[in-house]
Student: 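Take this structure, written in structure tokens, and hold onto it; I'll ask about it next.
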Amino acid sequence: MITCSAPGKVYLFGEHAVVYGESAICCAVELRTKVHVEKSESIIIESTLGTTGIDHETHPYVSYAIEKMQQLANIEGVRIRIESELPVGSGLGSSAAVTVATIKALDILYECGLSLEDIAGKAHEIERMVQGNASPTDTYVSTMGGVVMIPQRKKLPLIECPIVIGNTNRFSSTKELVGNVAKLRSEFPEIIEPILSDIGQMSLLAEKLVHENDYETIGKLMNVNQGLLDAIGVGSAELSTLVYAARNNGAISAKITGAGGGGCMVALAGKDSTSAIANAIEDAGGEAIITKNTEEGVRLE
Ligand code: PMV
């Protein structure tokens, strides 16, 4: 049996602006999806969603991943079991992680010799097939790991402070929120375009700060980024409640991560404040996850 895992991600800066070509900084987090594969009589996919064969409704990402790999290898029967630490549909990149880990595991089992660039590319094609219009960010970060500047695909040093994620447990549709921002931008281009460009500028400023480990200044800018995300209409009462719960309990910074609307927020934790932030998030009605960023992208377990 082969087991591969791939990480989820958070955005430190730049969600939404990245859709318009601005820069973003994303980091892989130590919350992973594990995929176990072994040859079998038929195709079987097992997860908490159920046990199926190729099934584009229940297991779309894994089903397309098998079909894509069937173009490279003679895959007749394979049993695939998925275990994930990543909440589904909350903006932490769970679909990218399962897709990337499945491709890597099948690549090893069937000796296809794919490079990491190949894996990231194939996983992005699958996300586009399932979601319509997905940016390559999640699949790239999940494959390569680390802190990555997008669209430059430049690796930055790791962020050395703990990360606390707060999940509102409210589903949000990335497609819908991206559509709302597009609408606002076309209504008020002279207002919204500078906001998106300011968000991109913050990512560019933060690149240097990440190199200098200057988390206080990074945090200040992340908080400004949060204000601008609110300004473009992707905030929500639940997200703001968790953001302020974190900030009032020692977080260096706290902002939405991902599409917004619902889903998750992310906080950089100050010295010794990790559990206070996590408790405050839980008390405010969210689900707290304490994690850190990771240099490791997809890997063989
Ligand atoms: O919520 P997520 O992790 O799917 O992130 C969406 C990020 C956006 O910038 C809003 C859209 C995109 O495709 O980059």
Side-chain angles (χ1 to χ4, degrees), residues 6-31 86 90-97 99-100 103 115-128 130-159 163 165 174-175 177-178 181-182 185 192-193 195-211 218 221-222 224-226 228-229 232 234 253 255-260 263-266 268 291-298:
K9 63 100 214 342
V10 293
Y11 273 92
L12 299 183
F13 294 97
E15 52 274 269
H16 288 288
V18 75
V19 173
Y20 300 94
E22 298 290 344
S23 295
I25 299 180
C26 247
C27 70
V29 288
E30 204 36 88
L31 295 168
L86 285 159
S90 58
L92 298 180
S94 65
S95 54
T99 310
V100 166
I103 295 175
S115 66
L116 287 178
E117 289 290 342
D118 292 335
I119 292 172
K122 285 186 192 307
H124 180 220
E125 283 168 28
I126 291 166
E127 279 219 319
R128 287 217 333 248
V130 179
Q131 298 173 11
N133 192 10
S135 84
T137 312
D138 286 21
T139 41
Y140 188 81
V141 175
S142 187
T143 306
M144 305 297 174
V147 180
V148 182
M149 187 134 182
I150 303 285
Q152 297 85 343
R153 301 188 177 202
K154 201 192 274 182
K155 275 262 188 137
L156 307 183
L158 285 186
I159 304 284
I163 291 171
I165 292 168
T174 300
K175 196 172 172 178
L177 285 145
V178 169
V181 174
R185 180 172 171 266
I192 303 301
E193 278 170 15
I195 293 180
L196 296 168
S197 153
D198 279 350
I199 294 176
Q201 289 299 318
M202 274 188 270
S203 306
L204 296 175
L205 277 180
E207 179 187 358
K208 182 165 163 279
L209 301 169
V210 173
H211 278 283
I218 291 170
L221 287 177
M222 283 173 71
V224 177
N225 193 163
Q226 167 63 17
L228 298 183
L229 287 169
I232 60 172
V234 302
S253 60
K255 65 177 270 294
I256 291 165
T257 175
C264 291
M265 49 70 71
V266 59
L268 295 187
T291 184
K292 53 183 195 277
N293 63 183
T294 174
E295 197 58 70
E296 281 191 276
V298 66

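Start at 1 with the first residue, then count along the sequence. These numbers were taken from a predicted model, which means no experiment stands behind them.
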Student: With heavy-atom distances below 4.5 Å as the criterion, would you say the side chains of I232 and L196 are in contact?
Tutor: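 Yes, at least one pair of side-chain atoms sits under 4.5 Å.
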
Student: Would L209 and L221 count as a side-chain contact (heavy atoms from CB on, under 4.5 Å) here? Give the steps.
Tutor: CA-CA 10 Å; L209 301 169; L221 287 177; 3.7 Å; yes

Student: Is the shortest side-chain heavy-atom distance between V266 and V29 below 4.5 Å?
Tutor: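 No, their side chains stay 4.5 Å or more apart.
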
Student: Check the surroundings of atom NZ in K155: do more than 12 heavy atoms from other residues, nucleotides or ligands lie under 6.0 Å from it?
Tutor: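 Enclosed: over 12 neighbouring heavy atoms sit under 6.0 Å from NZ of K155.
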
Student: Would the distance check show the side chain of H16 and the main-chain N or O of A259 forming a donor-acceptor pair, the cut-off being under 3.5 Å?
Tutor: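 Checked: pair present.
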
Student: Any side-chain heavy-atom pair from L268 and L12 closer than 4.5 angstrom?
Tutor: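 The answer is yes, as the side chains (C-beta and beyond) meet within the 4.5 Å cut-off.
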
Student: Walk me through whether M149 and V210 qualify under side-chain contact (heavy atoms from CB on, under 4.5 Å).
Tutor: CA-CA 11 Å; M149 187 134 182; V210 173; over 6 Å; no

Student: Just by modelled atom types, is the S115 backbone N or O under 3.5 Å from a matching donor or acceptor in the D118 side chain?
Tutor: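 Present.
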
Student: For V147 and P157, work out which heavy atoms get closest and say how close.
Tutor: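 Shortest heavy-atom separation between V147 and P157 comes out as CG2-O, 3.5 Å.
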
Student: Do Q226 and S253 have side-chain heavy atoms sitting under 4.5 Å apart?
Tutor: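 Answer no - side chains too far apart.
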
Student: Is there side-chain contact between I163 and K292, with heavy atoms separated by less than 4.5 Å?
Tutor: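 The answer is no; the side chains never approach within 4.5 Å.
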
Student: Looking at NZ of K9 and CG of L86, how far apart are the two atoms once the value is rounded to the nearest 0.5 Å?
Tutor: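 If I round to the nearest 0.5 Å, the distance is 9.5 Å.
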
Student: Within the 3.5 Å criterion, strictly below it, is a donor on E127 or S95 matched to an acceptor on the partner's side chain?
Tutor: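 Judged by distance alone, the side chains do pair up.
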
Student: Verify side-chain hydrogen bond (donor to acceptor under 3.5 Å, both in side chains) between Q152 and S23, making sure each step is shown before the conclusion.
Tutor: CA-CA 8 Å; Q152 297 85 343; S23 295; 2.8 Å; yes

Student: Are any non-hydrogen side-chain atoms of E207 and K154 less than 4.5 angstrom apart?
Tutor: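 When only atoms from C-beta onward are counted, K154 and E207 do touch, with a gap below 4.5 Å.
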
Student: M202 and F13: which non-hydrogen atoms are nearest, and at how many Å?
Tutor: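 That would be CB-CD2, 4.2 Å.
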
Student: Classify the side-chain pair T291/E30 by whether it contains a donor and acceptor separated by less than 3.5 Å.
Tutor: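 T291 vs E30: no donor-acceptor pair found between side chains.
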
Student: Would you check, one step at a time, whether the test side-chain contact (heavy atoms from CB on, under 4.5 Å) holds for C27 with V10?
Tutor: CA-CA 6 Å; C27 70; V10 293; 3.7 Å; yes

Student: Is any side-chain heavy atom of E15 less than 4.5 Å from a side-chain heavy atom of N225?
Tutor: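 Heavy-atom side-chain distance check passes, below 4.5 Å.
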
Student: If I take atom CD1 from residue I119 and atom OG1 from residue T99, how far apart are they, to the nearest 0.5 angstrom?
Tutor: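 So the CD1 of I119 and the OG1 of T99 are separated by 12.0 Å.
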
Student: What's the shortest heavy-atom distance between G146 and L158, and which atoms?
Tutor: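 Smallest interatomic distance, heavy atoms only, reads CA-CD2, 4.1 Å.
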
Student: Under a 3.5 Å distance rule, please check whether N293 uses its side chain to pair with a backbone N or O of I159 as donor and acceptor.
Tutor: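 Present.
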
Student: Taking T139 for the side chain and P136 for the main chain, is one N or O donor matched with an acceptor at less than 3.5 Å?
Tutor: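 Present.
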
Student: Hey, what do you get for OG1 (T137) to CZ (R153), rounding to the nearest 0.5 Å?
Tutor: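 Going from OG1 on T137 over to CZ on R153, the span is 8.5 Å.
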
Student: Do Y11 and I256 have side chains that get closer than 4.5 Å, going by heavy atoms?
Tutor: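 With C-beta onward as the side chain, the pair stays apart.
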
Student: How close do I199 and A17 get, heavy atom to heavy atom, and via which atoms?
Tutor: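 Where I199 meets A17 most closely, the heavy atoms are CG2-CB, 3.7 Å.
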
Student: Between atom CD of E193 and atom CD1 of I195, what is the distance when rounded to the nearest 0.5 Å?
Tutor: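 So the gap between those two atoms works out to 11.0 Å.
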
